[in-house]
Amino acid sequence: MRYLVLSDIHANLYALQAVLEHAQGRYDHTWYLGDVVGYGPHPNECIEILAGLHCLGVAGNHDWAVLGKLELDYFNVHASRVLVWTRAVLNPLHMRFLESLSERMVAEEDFTLVHGSPRYPIWEYVLNSVDATIALKHFSTRYCLLGHTHEPVIFQAPDTANVLCYEIPLCADSSARSLPGVSLIINPGSVGQPRDGDPRASYIILDCERRILEHFRVDYPIERTQEAMLALDFPKPLVYRLSLGR
Ligand SMILES: [Fe+2]
């Protein structure tokens, strides 16, 4: 079975459409790692697409904030403003989609899915080898898939020569790699708001039988998303960061 793994779509419809078009025919099912809403101008449209994919998925911090499960005080002023708007425009059916998401799940026996970290799935960031080494103690499957940082990366469990996880950046296009038989933490990067300096949408495809991971970056019409954000008077820093991938 081949899985399309999407994280941090952040209501960026044009990025999501570009990813789905790019991945077409190369996956069987979809896994979603949280934050379909927040920051972006098309929350209803993005949830409708995700729901139509019948994906398995987990909740992100922005998803929870829209549901009122997290205080908006936890977010910066720009993020908070868009979350208030998102709450106001999201239709009840799509609210129920967010409510249906769990904090963590196990799929295909070997994969734990969370948004932030396996220790604190909604909020904690796994940003570096130290975080990843701590995170290793909090899942029992071989692999853990997570998002939240918006940076594509793999952390590999340490061997006898090292005490910390190895950090393996995912920066090349279409880089296919075999999954080794050791624990990994895998972050596919963000579809809708990349923060690794590359503004293109980021995603991975996992082939569970062949144990192959492929990472992709996809161009999308960033200016169309930005125009929609400006038309809604969204905070300018959120608009311009999409061009920078920061
Ligand atoms: Fe996010």
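Atoms within a ligand are numbered from 1 in the order they appear, just like the ligands themselves. Quick note: numbers below take in every heavy atom, side chains included, and nothing from hydrogens, waters or symmetry partners.
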Determine which of the N, O or S atoms in Asp35 is closest to the Fe ion (ligand 1) and give its atom name.
OD2
If you check every N/O/S atom of Asp8, which is the one nearest the Fe ion (ligand 1)?
OD1
For the student: nearest non-hydrogen atoms of Phe139 and Pro118, plus distance:
CD2-CG, 3.7 Å
Give every residue pair that meets the salt bridge (Lys or Arg N to Asp or Glu O under 4.0 Å) criterion with at least one member in residues 24-44, sequence neighbours excluded.
Arg2-Asp28
The complete set of side-chain hydrogen bond (donor to acceptor under 3.5 Å, both in side chains) pairs with one or both residues in residues 117-130, sequence neighbours excluded, reads Ser117-Glu124, Arg119-Glu124
Quick check: does His150 have an N/O/S atom under 2.8 Å of the Fe ion (ligand 1)?
yes
Under 2.8 Å from the Fe ion (ligand 1), can any N, O or S atom of His10 be found?
yes
Plane angle bin for His150 and His10 - parallel if under 30°, tilted between 30 and 60°, otherwise perpendicular
tilted
